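Structure record follows, encoded as structure tokens.
Remember, it's a predicted structure, so these values are computed and weren't measured experimentally. These values consider heavy atoms only, across backbone and side chains, with no hydrogens, waters or symmetry-generated copies.
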Protein chains: 2
Amino acid sequence: MAEAAPKHDVFQAIADPTRRKLLGLLSEQEMPVTALSSHFPMSRTAVSKHLRILSEAGLVAEQKVGRETRYRLQPEPLQELRDWLGYFERYWNNKLAALKLLVESDDPASLPKGPRPLDERRE
Amino acid sequence: MAEAAPKHDVFQAIADPTRRKLLGLLSEQEMPVTALSSHFPMSRTAVSKHLRILSEAGLVAEQKVGRETRYRLQPEPLQELRDWLGYFERYWNNKLAALKLLVESDDPASLPKGPRPLDERRE
DNA sequence: TTGACATGAAACCAAATGGTTTCGTATAAT
DNA sequence: ATTATACGAAACCATTTGGTTTCATGTCAA
């Protein structure tokens with residue numbers, strides 16, 4: 001069973017600076033919409049829509065508490081970004097790449113098995 | 001001196017699957033537009049436009065060779081992505097984060113100095 | 001010198017994106 | 001009971017995005 005059909009993918013979710021900043025704020029503590037939107041020059045509704053996109057990408061989770069909705073960071077999907085980036089590690093970090101991959105290998109899915117085309121998986 | 005005013009930022013550049021695949025292809029060898037576009041279901045012109053966006057983000061370099069234009073991967077700007085991601089490392093990889101940062105520290109710019117808000121820098 | 005090839009520029013287009021304002025509704029406070 | 005707060009949904013809008021086709025130009029080959 002899939003993990004909740006990601007309508008928006010992570011790459012697209014983090015493409016917007018507002019959304020990256022939201023993730024940054026949420027990485028410190030969970031927060032309701034109004035608290036979050038106080039950090040932005042746009043309407044609360046706009047922030048709310050960004051949150052929904054993050055939610056669809058699986059990057060945040062919502063929890064209703066009374067009349068407010070708490071948003072909490074869910075960093076797991078960033079793993080995909082990490083994997084993708086991992087493919088290019090060899091370029092700027094040749095010698096240490098192997099070690100790094102080893103270090104990261106507590107998650108088996110995270111290691112690119114070698115110089116492969118990549119990205120063929122999505123779409 | 002800046003490195004060529006990045007009109008498109010890296011985050012946005014890699015948001016598109018076609019562009020990610022282009023980077024993948026170019027990571028194996030440099031190629032002219034026509035060779036690249038043979039891997040996509042869209043017109044050569046469309047691929048060309050994607051390449052320009054990658055170029056504006058500093059992710060590829062162009063070199064004219066006779067009547068063709070060779071495109072070559074320039075992975076350096078991915079460093080920014082890496083730095084940004086690094087901020088979230090602590091979440092899924094707590095114990096090993098320190099070691100990883102150490103390993104990566106051959107590039108001084110690459111280490112986030114601690115739990116900071118982040119992203120305040122851009123925009 | 002006459003084609004064929006490789007490419008970017010231009011004009012165009014539909015759909016997605018990032019905002020807005022307005023409204024309805026649920027919860028909390030008085 | 002009434003009012004204020006927190007929020008999402010809806011309708012709307014301008015701009016950006018990702019694609020197309022057509023055209024002009026430069027280069028290689030016969």
Side-chain angles (χ1 to χ4, degrees), chain A residues 4-26 29-72 119 122-123, chain B residues 4-26 29-72 119 122-123:
Chain A
K7 182 192 166 189
H8 276 101
D9 79 28
V10 186
F11 292 93
Q12 199 222 327
I14 66 158
D16 186 278
T18 299
R19 290 193 292 263
R20 287 197 299 277
K21 189 167 167 181
L22 279 170
L23 293 179
L25 290 166
L26 290 174
Q29 57 179 319
E30 61 178 50
M31 272 186 279
V33 182
T34 306
L36 284 167
S37 72
S38 73
H39 293 85
F40 300 89
M42 68 192 69
S43 74
R44 192 213 68 221
T45 313
V47 172
S48 187
K49 292 213 286 183
H50 280 298
L51 284 167
R52 195 142 79 81
I53 290 174
L54 290 174
S55 171
E56 282 165 356
L59 285 164
V60 303
E62 359 194 339
Q63 187 197 4
K64 302 209 70 172
V65 176
R67 61 180 156 181
E68 64 187 22
T69 306
R70 297 277 177 70
Y71 283 87
R72 176 171 43 83
D119 216 16
R122 65 179 320 99
E123 129 215 59
Chain B
K7 182 192 166 190
H8 277 100
D9 80 28
V10 186
F11 291 93
Q12 199 223 325
I14 65 157
D16 185 276
T18 299
R19 289 193 293 263
R20 287 197 299 278
K21 190 167 166 181
L22 279 170
L23 294 178
L25 290 166
L26 290 174
Q29 59 178 317
E30 61 177 51
M31 273 186 279
V33 182
T34 306
L36 285 167
S37 72
S38 74
H39 293 85
F40 299 89
M42 67 192 68
S43 74
R44 192 212 70 227
T45 313
V47 172
S48 188
K49 292 213 285 184
H50 281 299
L51 284 168
R52 195 142 80 80
I53 290 173
L54 289 174
S55 170
E56 282 165 355
L59 285 164
V60 303
E62 359 195 338
Q63 187 197 2
K64 303 209 69 171
V65 176
R67 61 180 156 180
E68 65 188 22
T69 306
R70 297 279 175 68
Y71 284 87
R72 178 171 41 85
D119 216 16
R122 67 179 318 99
E123 127 212 60

Inset, instruction - For the pair A:K64 and A:E62, evaluate salt bridge (charged side-chain N to carboxylate O under 4.0 Å, His left out) and give the outcome as yes or no after the intermediate values. - result: CA-CA 7 Å; A:K64 302 209 70 172; A:E62 359 194 339; over 6 Å; no
Inset, instruction - Could you check B:L26 against B:L59 for side chain to side chain contact (heavy atoms under 4.5 Å, CB included), going step by step and ending with a plain yes or no? - result: CA-CA 10 Å; B:L26 290 174; B:L59 285 164; over 6 Å; no
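With C:dA6, D:dG18, C:dG8 as the choices, the nucleotide that has an atom nearest any side-chain atom of B:E68 turns out to be C:dA6. Side chain of B:M42, nearest nucleotide from D:dT20, D:dC7, C:dG19: D:dT20.
In this structure, CD of A:E30 is placed 16 Å from C1' of D:dA6, rounded to the nearest angstrom. Atom CG of B:L36 is separated from atom C1' of C:dG8 by 15 Å (rounded to the nearest Å). Per the geometry, CD belonging to A:E56 stands 12 Å off P belonging to C:dG18, to the nearest Å. Regarding A:Q63, its CD atom lies at a distance of 13 Å from the P atom of D:dC7, rounded to whole Å. Here the C1' atom of nucleotide C:dG18 and the CD1 atom of A:I14 are 18 Å apart, to the nearest Å. Rounded to an integer number of Å, the gap from A:H8 NE2 to C:dG18 C1' is 11 Å. In this structure, B:L51 atom CG and C:dA6 atom P are separated by 16 Å, rounded to whole Å. C:dG19 atom C1' lies 12 Å from atom CZ of A:R19, rounded to whole Å.
For the pair A:S43 and C:dG19, the criterion of a side-chain N or O lying under 4.0 Å from OP1 or OP2 is not met. At C:dG19, one or more side-chain N or O atoms of A:H50 fall inside 4.0 Å of OP1 or OP2 (strictly under the cut-off). Contact between the side-chain N/O atoms of B:S48 and the OP1/OP2 oxygens of C:dG8 is found at a separation under 4.0 Å. Look at B:Y71 and you won't find any side-chain N or O under 4.0 angstrom from OP1 or OP2 of C:dA6. A close approach under 4.0 Å does occur between a side-chain nitrogen or oxygen of A:Q12 and OP1 or OP2 of C:dT17.
Looking at A:K49, its side chain comes within 3.5 Å of the base of C:dG19 through a donor and an acceptor atom. Contact of A:R44 with D:dG8 (side chain to base): a donor-acceptor pair of N or O atoms is detected under 3.5 Å.
Nearest-nucleotide positions on DNA chain D place A:R67 closer to the 5' end than the other of A:T45 and A:R67. Toward the 5' end of DNA chain C, the nearer of the two residues A:V65 and B:R70, judged by each one's closest nucleotide, is B:R70.
Within the 4.5 Å cutoff, the side chain of B:K21 has heavy atoms near those of the B:F40 side chain. Considering only heavy atoms from C-beta on, A:Y71 stays 4.5 Å or farther from A:V47 through its side chain.
Of the possible polar contacts, none joining the B:R72 side chain to the B:V60 backbone as a donor-acceptor pair under 3.5 Å is found.
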